[in-house]
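Since the structure comes first, as structure tokens, the remarks are kept for the end.
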2 protein chains.
Amino acid sequence: MSNTSVSSIRRGDLARATGCNPETIRYYEKIGIMPDPPRSTKGYRSYDDTHVRRLKFVMRSRALGFSLEEVRGLLGLVDNRIQTCAEVQAMAEVHLGEVRAKIADLTRIERVLSETVARCTGDAAPDCAIIDALFDA
Amino acid sequence: MSNTSVSSIRRGDLARATGCNPETIRYYEKIGIMPDPPRSTKGYRSYDDTHVRRLKFVMRSRALGFSLEEVRGLLGLVDNRIQTCAEVQAMAEVHLGEVRAKIADLTRIERVLSETVARCTGDAAPDCAIIDALFDA
DNA sequence: CTAGGGTCTGTAGTTGATACAGGCTCAAGG
DNA sequence: CCTTGAGCCTGTATCAACTACAGACCCTAG
């Protein structure tokens, strides 16, 4: 009597359950991030809980900035095949380093840009401090 | 006697003078960021100082994170046509806002990611704190 | 005279999706 | 019962911003 019915849902339902664009689901299947789901007699994709869980995993990984190739690596451990935990940790650390590098880059850009914008008077003259800065930097 | 010789340089020279990939120069010409340069009798592109200056301008703008469409806008004032200084200032401020938003995003990602990585023991066990976090977040 | 480097063109690949076009199927309302 | 609209199917095109060929010239130094 337990509610273990593996309720079969369609692509739109999976999209709504995860917040993922339906087209993106198809894309993930094409590149092998998501498995090819079983089909109904009429060819409709048929998903269940495992797909919801896996797609949410992918989306959280993406939200943390992992590339799809990195996600593929993470899933390698999930699928209990390729990766070990130590490898996952190493990958996450590399990724963390990249995130920090990006922050450093953008912070430098932010500083230069805000200084430049501050120097601009904003009137309609043909001279522009921003343009000058870009030319003479 | 002044050295005003408009020395004609080739694509590779322009690339070396600016640090820009030669293929990228061709691309910028195709999309109209850089003008179609005059050609030698044999069809070789022929550049001068103005091209060096303009390409450096483009590259500095790109280095500050402006999109090519934004660079096109900036060049609109350089070319003394479309944009006013006030419009350039407004654009730069919008861009600055986007940069700050990206920094905020990445900082949040950095925090979550470093917390997650810290929780990982890094041994070879099939359990992995990183994977678990991505599943259960 | 030939070997190498540079140049020319057009085209395809990259990442991570998103957006059609053209056709099928399905459920609800009249 | 029929229509209408939503959803699904496929394949393909598009976006940013480049990068990387292939195949053909050309030019110069040894």
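In this structure, A:D13 contributes its side chain and A:R10 its backbone to a donor-acceptor pair below 3.5 Å. Remark: the backbone N or O of A:F66 is paired with a side-chain donor or acceptor of A:R62 at under 3.5 angstrom. Looking only at distances, no side-chain donor or acceptor of B:T24 sits under 3.5 Å from a matching main-chain atom of B:C20. B:E70 contributes a side-chain N or O that, together with a main-chain N or O of B:S67, makes up a donor-acceptor pair within less than 3.5 Å. Side-chain atoms of B:H95 come within 3.5 Å of backbone atoms of B:L64 as a donor-acceptor pair (strictly under, hydrogens ignored). Side-chain atoms of A:R39 never come within 3.5 Å of backbone atoms of A:R45 as a donor-acceptor pair (strictly under, hydrogens ignored).
For the pair A:R53 and B:F135, the cation sits on the ring face: its NZ or CZ lies under 6.0 Å from the ring centre, inside 45° of the axis.
When rounded to the nearest whole Å, the span between CZ of B:R16 and P of C:dT7 equals 7 Å. Rounded to whole Å, the distance from CZ on B:R39 to C1' on C:dT7 is 10 Å.
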Self-check item: nucleotides 11-23 of chain C: protein proximity per nucleotide (B base, S sugar-phosphate only, - neither; heavy atom, under 4.0 Å)
Solution: B----BBBBB---
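Salt-bridge annotation for B:K102 and B:D105: absent, with no side-chain N of the basic residue lying under 4.0 Å from a carboxylate O of the acidic one.
A heavy atom closer than 4.0 Å to some atom of DNA chain D occurs in no member of residues 101-110 of chain A.
A:P35 places none of its side-chain heavy atoms less than 4.5 Å from the side chain of A:E29.
Think of the region where chain A sits on DNA chain D: with heavy atoms and a 4.0 Å cut, that region ends 5' and 3' at D:dG7 to D:dT12.
Within the structure, every side-chain polar atom (N or O) of B:R11 is placed at least 4.0 Å from both OP1 and OP2 of C:dG6.
The closest side-chain donor-acceptor pair between A:S40 and A:S46, if any, does not fall under 3.5 angstrom.
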